[in-house]
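Below is one structure, written out as structure tokens; the observations come after it.
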Amino acid sequence: MSSVAAKGQAVPSLPGETVLGQSKTFPFGQLPVKKNANGGASRAVVQGVLATGEAVEVHETTLPPGQMPHPPHKHRHSEFMMVREGTLEFDMDGTKERVGPGGVIFAASGLMHGVKNVGSVNANYFVIAIGRESGTMPV
């Protein structure tokens, strides 16, 4: 299925997907906050399909010291995690590396990975997920 984006661009999208065809700002204070069971929180920023066809989801996570958002896992989409505050330990299929403020983590599609706050203060990081979890890219 195709949707129409800005200036007549055809965007491959699946039923129910939002086409991100217009520029927009997302002020941090206006992002909806969801409290997590681990004492942290997450803020959804945006989810949809770019004019170039990639599925994208962006959110921000606050993770208390010693906590993980979930156990190590793998998925079809790829993720970039941009650390704003604190220190995360990135587990890349058993190999661990620490990343602090300003650092970027890349979790490749299909590979086991996880993060843990190994610092003494809350860690805040943005996640940019690119790709779909299931199905195929429409033509």
Side-chain angles (χ1 to χ4, degrees):
M1 167 177 253
S2 283
S3 296
V4 177
K7 299 190 182 188
Q9 289 178 307
V11 176
S13 63
L14 298 173
E17 286 183 320
T18 299
V19 176
L20 304 172
Q22 301 293 321
S23 297
K24 183 177 178 180
T25 63
F26 302 92
F28 189 77
Q30 294 177 16
L31 299 176
V33 179
K34 176 186 166 203
K35 299 290 184 182
N36 298 327
N38 64 11
S42 62
R43 290 169 172 79
V45 179
V46 68
Q47 184 171 3
V49 180
L50 300 176
T52 50
E54 298 88 3
V56 173
E57 184 267 333
V58 179
H59 66 273
E60 187 266 356
T61 297
T62 299
L63 194 59
Q67 296 295 312
M68 299 174 72
H70 40 66
H73 62 288
K74 58 183 173 180
H75 39 65
R76 186 168 176 249
H77 70 259
S78 297
E79 293 178 332
F80 288 94
M81 291 167 257
M82 298 190 277
V83 181
R84 191 165 57 95
E85 297 174 315
T87 303
L88 295 178
E89 180 178 76
F90 180 51
D91 183 341
M92 301 172 277
D93 202 18
T95 300
K96 297 178 181 179
E97 188 172 336
R98 289 182 179 213
V99 180
V104 178
I105 297 167
F106 175 65
S109 174
L111 299 180
M112 189 68 76
H113 66 278
V115 295
K116 180 178 183 178
N117 180 351
V118 293
S120 59
V121 299
N122 281 347
N124 292 294
Y125 58 98
F126 282 91
V127 176
I128 301 171
I130 302 170
R132 290 183 174 83
E133 278 309 291
S134 61
T136 58
M137 184 67 173
V139 186

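The analysis underlying the following values was restricted to heavy atoms, covering all of them including side chains, and did not include hydrogens, waters or symmetry mates.
- Here the CG-CD distance, from Asn117 to Gln67, works out to 8.5 Å after rounding to the nearest 0.5 Å.
- Note that CE of Met82 is 3.0 Å distant from CD1 of Ile128, once rounded to the nearest 0.5 Å.
- Of all non-hydrogen atoms in Glu17 and Ala55, the two that sit nearest each other are OE2-CB, 4.4 Å.
- Across all non-hydrogen atoms, the minimal contact from Gly86 to Pro101 is O-CD, 3.2 Å.
- Residue Pro72 comes nearest to Met112 through the heavy atom pair C-SD, 3.6 Å, listed as atom of the first residue, atom of the second, then distance.
- Applying the side-chain hydrogen bond (donor to acceptor under 3.5 Å, both in side chains) test to every pair with at least one member in residues 26-49, sequence neighbours left out, gives these pairs: Arg43-Glu60.
- For Gly94 against Asp91, the heavy-atom pair with the smallest separation is N-OD1, 2.6 Å.
- For Gly110 against Lys74, the heavy-atom pair with the smallest separation is O-CD, 3.4 Å.
- Counting heavy atoms from C-beta on, the side chains of Val45 and Leu31 come closer than 4.5 Å.
- In this structure, Phe90 belongs to a hydrophobic cluster whose other members, linked by side-chain heavy atoms under 4.5 Å apart, are Leu63, Met81, Val83, Leu88, Met92, Val99, Ile105, Val115, Tyr125, Val127.
- Residues passing the side-chain contact (heavy atoms from CB on, under 4.5 Å) test with Asn122, sequence neighbours excluded: Thr62, Pro64, Pro65.
- Once rounded to the nearest 0.5 Å, the distance linking CD of Glu54 with CZ of Arg132 reads 9.0 Å.
- Under the 4.5 Å side-chain contact rule for hydrophobic residues, Val46 and Leu50 share a cluster.
- In this structure, Leu111 shares a hydrophobic cluster with no other residue, the cluster being traced through Ile, Leu, Val, Met, Phe, Trp and Tyr side chains under 4.5 angstrom apart.
- Within the structure, ring pair (Phe, Tyr, Trp, His ring centres under 6.0 Å) pairs that include any residue of residues 94-121 comprise His73-His113, His75-His113, Phe80-Phe106 (at least two apart or interchain).
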* To do: Apply side-chain contact (heavy atoms from CB on, under 4.5 Å) to the pair Val56 and Val58, showing each step before the final yes or no.
  => CA-CA 7 Å; Val56 173; Val58 179; 4.0 Å; yes
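- Each ring pair (Phe, Tyr, Trp, His ring centres under 6.0 Å) pair with one or both residues in residues 16-60, not counting sequence neighbours, would appear here, but there are none.
- Here the shortest heavy-atom pairing between Ser109 and Ser78 reads N-OG, 3.3 Å.
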